[in-house]
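Worksheet: the structure to be examined is printed underneath.
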2 protein chains.
Amino acid sequence: MDSVSKMDILKSYLETKGLKSTSQRDYIADIFFKTNTHISLEELLKKVKRKNTNIGYATVYRTMRLLTECGLAISRQFGDGQTRYENLPEDGHHDHIICIKCSKIAEFQNQKIEQLQVEAAKKLGFTVVNHKLELYGYCPDCV
Amino acid sequence: MDSVSKMDILKSYLETKGLKSTSQRDYIADIFFKTNTHISLEELLKKVKRKNTNIGYATVYRTMRLLTECGLAISRQFGDGQTRYENLPEDGHHDHIICIKCSKIAEFQNQKIEQLQVEAAKKLGFTVVNHKLELYGYCPDCV
DNA sequence: ATAATATTGATTTTCATTTTCAATTTCAAG
DNA sequence: CTTGAAATTGAAAATGAAAATCAATATTAT
């Protein structure tokens with residue numbers, strides 16, 4: 001199972017840093033690994049509190065920093081003043097389109113674009129490993 | 001001259017919004033259009049104050065919001081807690097491909113990709129104003 | 001020139017993030 | 001199974017960039 005191996009990566013990271021394993025960290029990480037969106041700390045805390053009322057904001061904050069440090073989470077800022085954390089997608093890649101007025105984020109996939117990227121890179125002698133594509137504009141509500 | 005036409009775009013935008021043209025806005029925009037980096041408000045304010053001590057932080061802030069709204073600036077957050085503004089490149093748009101080994105940066109343009117982006121956005125009801133595309137991979141020397 | 005309206009800039013407010021600290025928990029060694 | 005050093009927790013306070021406020025000022029159409 002995927003979340004198991006992610007948990008193992010976390011455990012290894014803690015060990016090498018001389019940090020301790022705690023029920024709070026495990027719980028927060030487990031919830032996060034099951035998310036599929038760009039989740040903010042508030043949102044994650046809310047999810048966590050549903051079953052575990054005692055966990056505080058600071059612990060979620062610190063756990064997400066750890067996950068980011070060991071590469072299990074990607075912290076992103078889309079311009080709405082909130083840091084959001086992205087769980088590593090198990091399968092495919094997606095790109096983002098961000099509203100420059102209300103900061104709404106939509107995702108899309110386009111195989112043709114990915115293919116053209118590889119071709120454009122090849123023309124310059126580059127081999128593409130990874131990419132980041134963000135479109136900025138107006139969402140349907142803000143046009 | 002390019003900065004003239006950018007200034008024209010700004011002027012048109014102000015007009016359609018019923019906003020007024022002021023010496024501060026013109027001055028800030030002019031300075032910004034000459035930048036080549038990802039500049040923060042603090043940095044821009046500092047540049048602006050060199051010749052025009054009376055302009056305040058708030059005005060720079062508001063001017064950059066305007067420039068962002070009309071697509072003349074791109075606001076970015078790299079994770080250091082500061083918003084930075086990127087000036088649109090003078091000679092049309094280009095994307096970047098970055099070598100993950102030696103950090104060499106090459107630029108490319110691809111009209112077809114841009115077109116597909118607009119289409120992908122339209123499917124979601126978005127109107128694209130600008131975009132950021134970064135490819136990461138190996139350059140010819142590092143393959 | 002006037003009046004209506006927008007802008008300015010110093011300041012304050014807001015709010016997400018980060019730090020602090022006393023109480024608690026973990027874990028390796030005895 | 002203890003013990004104790006060291007890390008963790010969570011509530012609360014501090015931080016600081018971004019956004020809002022407001023009286024004074026500037027702009028623009030008439």
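The figures that follow rest on heavy atoms only: side chains count, while hydrogens, waters and symmetry mates do not. Sequence lines set the chain letters: A, B, ... in the order given, protein chains first and strands last, and positions in each chain run from 1. Not measured: the values here are computed from a predicted model.
For the pair B:Y57 and D:dA18, the criterion of a side-chain N or O lying under 4.0 Å from OP1 or OP2 is met. Considering only side-chain N and O atoms, B:T83 lies under 4.0 angstrom from the phosphate OP1 or OP2 of D:dA18. A sub-4.0 Å separation between OP1 or OP2 of D:dA19 and a side-chain N or O of B:Y61 is present.
A straight line from CD of B:Q82 to P of D:dT15 spans 18 Å, rounded to a whole angstrom. In this structure, CD of B:E15 is placed 10 Å from P of D:dT28, rounded to the nearest angstrom. Taking atom CG on B:L14 and atom C1' on D:dT27, their separation rounds to 12 Å, with Å as the unit. Rounded to an integer number of Å, the gap from CG of B:L41 to P of D:dG16 is 17 Å. As rounded to whole Å, 13 Å separates atom P of D:dA7 from atom CG of A:L66. If you take CE of B:M64 and C1' of D:dA17, they are 16 Å apart, rounded to a whole angstrom. The distance from atom CG of B:N54 to atom P of D:dT25 is 12 Å, rounded to the nearest whole Å.
Residues that satisfy the side-chain contact (heavy atoms from CB on, under 4.5 Å) test with A:A120, not counting sequence neighbours, are B:F108, B:N110.
Between B:E119 and A:K112 there is no salt bridge, since no side-chain N of the basic residue sits under 4.0 Å from a carboxylate O of the acidic one.
Of the residues in residues 17-29 of chain B, those with a non-hydrogen atom less than 4.0 angstrom from any atom of DNA chain C are B:G18, B:L19, B:K20, B:T22, B:Q24, B:R25.
Between A:H94 and A:H96, the ring planes are perpendicular. Angles over 60° get that label, and only those under 30° would be called parallel.
If you check every strand for non-hydrogen atoms under 4.0 Å, A:R84 touches nothing.
On the nucleic acid side, DNA chain C has its first and last nucleotide under 4.0 Å of a heavy atom of chain B at C:dT5 to C:dA10, going 5' to 3'.
In this structure, A:I31 is a member of the same hydrophobic cluster as A:Y13, with clusters built from ILVMFWY side-chain heavy atoms closer than 4.5 Å. Linking Ile, Leu, Val, Met, Phe, Trp and Tyr residues whenever their side-chain heavy atoms come within less than 4.5 Å leaves A:L135 and B:Y85 in two separate clusters. Linking Ile, Leu, Val, Met, Phe, Trp and Tyr residues whenever their side-chain heavy atoms come within less than 4.5 Å places B:Y61 and B:L14 in a single cluster.
Judged purely by atom type and a 3.5 angstrom limit, A:N87 uses its side chain to pair as donor or acceptor with the backbone of A:F33. Put simply, the side chain of A:R25 gets close to the backbone of A:K20: a donor and an acceptor are under 3.5 Å apart. Although no hydrogens or angles enter the test, the distance criterion places a donor-acceptor pair under 3.5 Å between the side chain of B:K6 and the main chain of B:L88.
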